[in-house]
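Notes follow once the structure below has been shown.
To find a chain, count down the sequence lines: A is the first, B the second, and so on, and within it residues start at 1.
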Number of protein chains: 2
Amino acid sequence: MTEPHAPRRGRKRSEQSRLAILTATFELTRDEGYRALTVEGIAARAGVGKQTVYRWWPTKADVLLEALATKAELHVSVADRGSFRADLEQFLRDSFALLGVPGVAQALRSLMAEAQVDSQFASRFREGFLDRRRAALAELLQRARRRGDAPPVADELVADVVFGVIWYRVLATNRPWGEADLVALRDLLTSTFTNPDPSSRIGSTHV
Amino acid sequence: MTEPHAPRRGRKRSEQSRLAILTATFELTRDEGYRALTVEGIAARAGVGKQTVYRWWPTKADVLLEALATKAELHVSVADRGSFRADLEQFLRDSFALLGVPGVAQALRSLMAEAQVDSQFASRFREGFLDRRRAALAELLQRARRRGDAPPVADELVADVVFGVIWYRVLATNRPWGEADLVALRDLLTSTFTNPDPSSRIGSTHV
DNA sequence: GCAAATACGAGACGCAGCGGTTCGTAAAAA
DNA sequence: TTTTTACGAACCGCTGCGTCTCGTATTTGC
């Protein structure tokens with residue numbers, strides 16, 4: 001994600017400095033907030049020159065993105081649990097657990113905020129995080145389609161609902177998660193339902 | 001929202017300057033992006049002293065929040081359309097239309113981003129925007145409960161899904177809205193469910 | 001072993017924007 | 001008419017950005 005270099009001669013990149021930068025960035029964001037995160041602060045805390053940060057990362061948000069990947073296990077289990085219902089439940093459980101790790105929610109909020117203001121970083125954030133999560137859920141859905149127990153809803157909508165609810169609560173409300181939330185969301189997306197008014201399809205703006 | 005003053009004597013607040021500031025702020029954000037929005041730039045464009053901005057608003061985000069309320073009709077229709085299904089459809093239609101107004105989506109993304117980084121502003125953003133929208137939807141849901149056609153899902157979850165999907169698409173994907181999105185979301189939330197596995201209520205962590 | 005190449009920590013630079021202050025002036029109420 | 005408040009304009013010190021330049025350390029190619 002950060003290695004466009006393939007040096008042939010000369011001193012090698014210091015892995016120690018790299019890790020010190022990532023750790024300092026993650027901890028500073030967690031403890032002081034993203035607003036207080038500065039490149040100079042990162043360098044000072046990591047015992048590193050500013051240029052060493054600028055040499056390897058385009059913005060401090062990119063440092064935080066990599067720090068997040070390093071500090072927290074972002075892997076979501078895609079193990080087959082027999083049914084889409086169980087797979088989805090585990091996916092949600094993993095996601096909530098990740099958000100419960102100190103600093104992770106803070107980092108994610110900061111990254112999403114930065115993505116709103118820096119469109120270049122937004123692309124990298126999508127590729128480096130958002131799209132990967134979406135791909136993981138898509139894998140569960142494809143397996144469900146094969147199995148025949150996929151929800152009667154477009155995959156895209158399922159993903160929008162899952163990630164929409166999670167992100168909205170993180171960004172806008174900050175309500176903590178409970179087991180009830182998990183069950184409710186799982187049940188909403190794994191129930192067979194019948195449309196009470198099949199005639200009201202597209203275009204009926206009014207009653 | 002911005003009037004903590006109740007002046008008794010002396011020159012009155014200039015309504016012309018106030019509007020010039022709001023217009024400049026909205027247009028600068030729409031055309032140049034929130035990153036390029038500075039208090040000095042607002043003042044220059046509005047033909048106003050910097051202090052006139054600082055006197056009435058705590059941060060530039062608060063100016064933008066008020067500008068949004070001034071420039072776009074934020075009112076969501078809560079007119080009774082006979083069924084929750086129709087009410088929800090209209091709510092979504094209004095929301096999509098609002099997001100289609102040039103500059104509005106940009107402003108909302110900027111405000112949400114700022115709220116992630118400034119917790120004081122986050123409170124004001126919630127009170128001044130997020131909570132109002134949620135209250136409007138809650139009104140539709142209460143009416144549906146009275147009528148008996150509310151969805152078989154907790155009101156809070158309905159709100160999380162509606163706003164979650166909308167915000168997630170605005171913040172994370174930026175996919176445009178189509179009629180199909182509206183129908184899909186409406187149908188997801190206004191269908192009768194049958195849970196395929198009623199025994200798996202709370203607590204069944206595994207299959 | 002030596003030279004070229006590259007990364008390192010440290011610190012300097014000019015720049016932009018912040019948030020606050022001080023002008024002299026304009027308007028509105030007592 | 002005096003007092004009070006808001007106004008546009010300009011200035012201040014400060015912080016952080018992003019770049020650049022040191023002298024030094026480390027690694028590969030010759």
Between [X] and [Y], is there a donor-acceptor pair closer than 3.5 Å when you use the side chain of the first and the backbone of the second?
| X | Y | result |
| --- | --- | --- |
| Asp94(A) | Phe91(A) | no |
| Lys60(B) | Leu37(B) | yes |
| Asp160(A) | Val165(B) | no |
| Arg143(B) | Ala150(B) | no |

Tell me whether Arg13(A) forms a cation-pi arrangement with Trp56(A), defined as NZ or CZ under 6.0 Å from the six-membered ring centre and within 45 degrees of its axis.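 That pair qualifies as a cation-pi contact.
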Could I get a table of every N or O pair under 3.5 Å where one atom is in the protein and the other is in nucleotides 26-30 of chain C?
{"from": "dA29(C)", "atom 1": "OP1", "to": "Lys12(B)", "atom 2": "NZ", "distance (Å)": "3.3"}
{"from": "dA29(C)", "atom 1": "O3'", "to": "Arg8(B)", "atom 2": "O", "distance (Å)": "3.2"}
{"from": "dA30(C)", "atom 1": "O4'", "to": "Arg9(B)", "atom 2": "NH1", "distance (Å)": "3.0"}

Let me know the distance between [atom1] of [X] and [atom2] of [N], rounded to the nearest Å.
| X | N | atom1 | atom2 | value |
| --- | --- | --- | --- | --- |
| Tyr54(B) | dT5(D) | OH | C1' | 21 Å |
| Arg18(B) | dC7(D) | CZ | P | 12 Å |
| Arg55(A) | dA10(C) | CZ | P | 13 Å |
| Ile21(A) | dC8(C) | CD1 | C1' | 11 Å |
| Trp57(B) | dG19(C) | CH2 | P | 15 Å |
| Asp62(A) | dC17(D) | CG | C1' | 16 Å |
| Arg13(A) | dT28(D) | CZ | P | 17 Å |
| Trp56(A) | dG18(D) | CH2 | P | 19 Å |

Distances under 3.5 Å between nitrogen or oxygen atoms of protein and nucleotides 10-16 of chain D:
none

Carboxylate-amine/guanidinium contact Arg85(B) Asp149(B), below 4.0 Å: no
Can a side chain N or O of Ser17(B) be found less than 4.0 Å away from OP1 or OP2 on dG8(D)?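 For dG8(D), OP1 or OP2 has a side-chain N or O of Ser17(B) closer than 4.0 Å.
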Contact class for Gly47(B) (heavy atom, under 4.0 Å): base, sugar-phosphate, or nothing? sugar-phosphate
Test side chain to side chain contact (heavy atoms under 4.5 Å, CB included) on Trp57(B) and Glu66(B); report intermediate values, then the result. CA-CA 9 Å; Trp57(B) 291 278; Glu66(B) 187 169 335; 2.8 Å; yes
Let me see the working for Asp87(B) and Arg186(B) under salt bridge (charged side-chain N to carboxylate O under 4.0 Å, His left out), right down to the final yes or no. CA-CA 10 Å; Asp87(B) 284 350; Arg186(B) 181 201 62 184; over 6 Å; no
Ring-plane angle category for Phe129(B) and Trp167(B), please: parallel below 30°, perpendicular beyond 60°, tilted otherwise. perpendicular
